[in-house]
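Order of the sequence lines sets the chain letters (A, B, ...), proteins ahead of strands, with each chain counted from 1.
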There are 2 protein chains.
Amino acid sequence: MQEALLLENQVCFPIYALSRQIIQYYRPMLDELDITYPQYLVMMVLWEHDTQTVNQLGALLKLDSGTLTPLLKRLELKGLIIRKRSKADERVVNISLTPSGRAMKEMACSIPHQMLESMGLSLEEMQQLKQLAEKMLNR
Amino acid sequence: MQEALLLENQVCFPIYALSRQIIQYYRPMLDELDITYPQYLVMMVLWEHDTQTVNQLGALLKLDSGTLTPLLKRLELKGLIIRKRSKADERVVNISLTPSGRAMKEMACSIPHQMLESMGLSLEEMQQLKQLAEKMLNR
DNA sequence: TAAAATTAAATTGTACACAACTTAATTTTA
DNA sequence: TAAAATTAAGTTGTGTACAATTTAATTTTA
């Protein structure tokens, strides 16, 4: 028996499973805002930066236009963002918040704390997990 | 500014991004076997257990029948597995390896080592990451 | 400066993921 | 034991993900 091929011994599987579980934890909170987790990530970037190009969002979230374009169209349909081609460079599409999208920030501000509570790790362990994940990401 | 809503300060985002990055690292190796990462996980369970029900696969991989049924049909089409309703309980579908599916294990046995090398963490850090992820999963 | 190369989004096609529901079989229980 | 409840898979519909390609605009360079 090849020990390395046992599910039990995989490092990647728990990360894959955890990623999906985390999104499940977010769901009830995000359901109230009527957005998905990837949509929440986009909103979070825009709450910080207000206007971003599709490219900039993709670089920050590590998602390509094939994922972002339809996702952003859905956020636009919900009235949370505006998509507008740049005058300066017609290839670029600028994404910005509507007043309604900006207002959602107040409704979202309790989510991070609620999530921390449901995760079941100490702050220290959380920091460790974050650092290890980021170290691998930055390879 | 709500610090807790900064992308920079999220614990969940790096895990979500890392999960997708890991699947990217696997891709070239799995392309040679012509399977996807979730399909590889199913194969890994079957290499260990040979026959499993859809339910058992779902419990181990934390995936539901809505995900597994079509995935298993694709593995069957590739000739790697057989889906067969149980005689004892007609609700149950048993998944087992074909000779070709069993043979794939030899071709896969170098993957875990290759992955370890591309991850950029020490064995110690890897163990830590695995343990933290599992601790959160088992909440 | 006109052709070639590059870039930014969008599009197309395949494969998850999962909620909600359906169907059929088996267990439970009244 | 017949009706009710439960269980196992499958189905339907929506929303990611991402490879590969396309389109249109901008830069580079010959």
Side-chain angles (χ1 to χ4, degrees), chain A residues 13 16-28 30-31 33-43 52-78 80-95, chain B residues 13 16-28 30-31 33-43 52-78 80-95:
Chain A
F13 170 65
Y16 161 74
L18 179 58
S19 171
R20 287 182 293 118
Q21 181 183 283
I22 285 173
I23 292 174
Q24 290 310 97
Y25 280 148
Y26 269 110
R27 194 175 306 274
L30 295 181
D31 275 353
L33 304 181
D34 188 33
I35 56 176
T36 65
Y37 181 67
Q39 289 168 12
Y40 171 67
L41 291 176
V42 168
M43 294 305 288
Q52 291 280 279
T53 68
V54 174
N55 239 12
Q56 288 174 318
L57 286 170
L60 287 167
L61 302 178
K62 295 165 201 303
L63 294 170
D64 71 4
S65 68
T67 301
L68 283 173
T69 296
L71 185 158
L72 293 170
K73 284 182 180 173
R74 284 187 281 272
L75 284 179
E76 188 177 40
L77 257 161
K78 292 181 210 280
L80 297 171
I81 64 163
I82 291 164
R83 297 161 64 243
K84 197 167 151 46
R85 282 211 176 259
S86 159
K87 275 272 170 54
D89 185 339
E90 287 277 352
R91 292 170 305 180
V92 172
V93 170
N94 285 120
I95 309 297
Chain B
F13 171 64
Y16 161 74
L18 179 57
S19 171
R20 288 181 293 119
Q21 182 183 282
I22 284 173
I23 293 174
Q24 290 309 97
Y25 279 148
Y26 270 108
R27 195 174 304 275
L30 296 181
D31 275 352
L33 305 181
D34 188 32
I35 56 177
T36 65
Y37 181 67
Q39 289 168 13
Y40 171 67
L41 291 176
V42 168
M43 294 304 289
Q52 291 280 280
T53 69
V54 174
N55 240 12
Q56 288 173 318
L57 287 170
L60 287 167
L61 302 178
K62 295 166 201 301
L63 293 170
D64 71 4
S65 67
T67 301
L68 282 174
T69 297
L71 185 157
L72 293 169
K73 284 182 180 173
R74 282 186 284 270
L75 284 179
E76 189 177 41
L77 256 162
K78 291 182 212 281
L80 297 171
I81 66 164
I82 291 165
R83 297 161 63 243
K84 198 167 151 45
R85 280 206 179 263
S86 159
K87 276 269 169 57
D89 184 340
E90 286 278 353
R91 291 171 304 181
V92 171
V93 170
N94 285 119
I95 308 297

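- Considering every non-hydrogen atom in both B/L72 and B/I81, the closest pair reads O-CD1, 3.4 Å.
- Residue whose closest nucleotide on DNA chain C sits further toward the 5' end, between A/G66 and B/D64: A/G66.
- Judged by distance alone, the side chain of B/K78 and the main-chain N or O of B/D34 form a donor-acceptor pair under 3.5 Å.
- Not one N or O on the side chain of A/R83 forms a donor-acceptor pair closer than 3.5 Å with the backbone of A/N94.
- Base pairing of C/dT28 is made with D/dA3, judged by Watson-Crick or G-U wobble geometry with both donor-acceptor distances under 3.5 Å.
- Contact between the side-chain N/O atoms of A/N55 and the OP1/OP2 oxygens of C/dT7 is not found at any separation under 4.0 Å.
- Two residues, A/L68 and B/Y37, neighbour DNA chain C, and the one matched to the more 5' nucleotide by heavy-atom proximity is A/L68.
- The base of C/dA10 sits with one of its N or O atoms less than 3.5 Å from a complementary donor or acceptor on the side chain of A/S65.
- With distances taken from any side-chain atom of A/R83 to the nucleotides C/dA25, D/dG10, C/dA10, the minimum falls on C/dA10.
- Side chain of B/D64 to main chain of B/T67: a donor-acceptor pair is present (N/O by atom type, distance under 3.5 Å, no hydrogens or angles).
- The A/L63 side chain lies nearest to D/dA17 when the options are D/dA17, D/dA25, D/dT11.
- Side-chain nitrogen and oxygen atoms of A/K73 include at least one within less than 4.0 Å of the OP1 or OP2 phosphate oxygen of C/dT11.
- Residue B/T67 places no side-chain N or O under 4.0 Å from the OP1 or OP2 atom of C/dA17.
- Looking at A/T36, its side chain has no donor and acceptor atom pair within 3.5 Å of the base of D/dG15.
- Among the heavy atoms of the strands lying under 4.0 Å from B/L71 are primed sugar atoms or P, OP1, OP2 only; no base atom is included.
- Relative to the side chain of B/R20, the nucleotides C/dA9, D/dA9, D/dC18 differ in distance, and D/dC18 lies closest.
- As rounded to whole Å, 10 Å separates atom P of C/dC16 from atom CD1 of B/I35.
- Checking C/dA25, D/dA9, D/dT26 against the side-chain heavy atoms of B/D89 singles out C/dA25 as nearest.
- The phosphate of C/dA19 has OP1 or OP2 within less than 4.0 Å of a side-chain N or O from A/Q24.
- Distance A/K78 NZ to D/dT14 P: 12 Å, rounded to the nearest Å.
- A straight line from NZ of B/K84 to C1' of D/dA8 spans 17 Å, rounded to a whole angstrom.
- One can place CG of A/D31 at 9 Å from P of C/dA19, the figure rounded to the nearest angstrom.
- For B/Q39, taking side-chain heavy atoms from C-beta onward, the closest of the listed nucleotides D/dA8, C/dA15, D/dG15 is C/dA15.
- Counting non-hydrogen atoms under 4.0 angstrom, B/A88 reaches the backbone sugars and phosphates but no base.
- Judged by Watson-Crick or G-U wobble contacts below 3.5 Å, the nucleotide D/dT14 has C/dA17 as its partner.
- Considering only side-chain atoms of B/P38, the nucleotide from C/dA17, D/dA24, D/dT6 that sits closest is C/dA17.
- One atom, CG of A/L33, and another, C1' of D/dG15, lie 17 Å apart when rounded to the nearest Å.
- Looking at heavy atoms from C-beta onward, A/K62 lies out of side-chain contact with B/Q21 at the 4.5 angstrom threshold.
- Residue A/S19 comes nearest to B/S19 through the heavy atom pair CB-CB, 3.7 Å, listed as atom of the first residue, atom of the second, then distance.
- Checking the phosphate oxygens (OP1, OP2) of D/dA9, a side-chain nitrogen or oxygen of B/T53 falls inside 4.0 Å.
- The distance from atom CG of B/L41 to atom P of C/dC16 is 11 Å, rounded to the nearest whole Å.
- Taking the six-membered ring where the residue is Trp, B/Y16 and A/Y37 present perpendicular rings, their angle passing 60° and hence far from 30°.
- When each of C/dA19, C/dA8, D/dT11 is scored by its nearest atom to the side-chain atoms of A/V92, the top-ranked nucleotide is C/dA8.
- The B/Y16 side chain lies nearest to D/dA17 when the options are D/dG10, D/dA17, D/dA19.
- Taking every side-chain heavy atom of B/R74 into account, C/dA15 is the closest of D/dT26, C/dA10, C/dA15.
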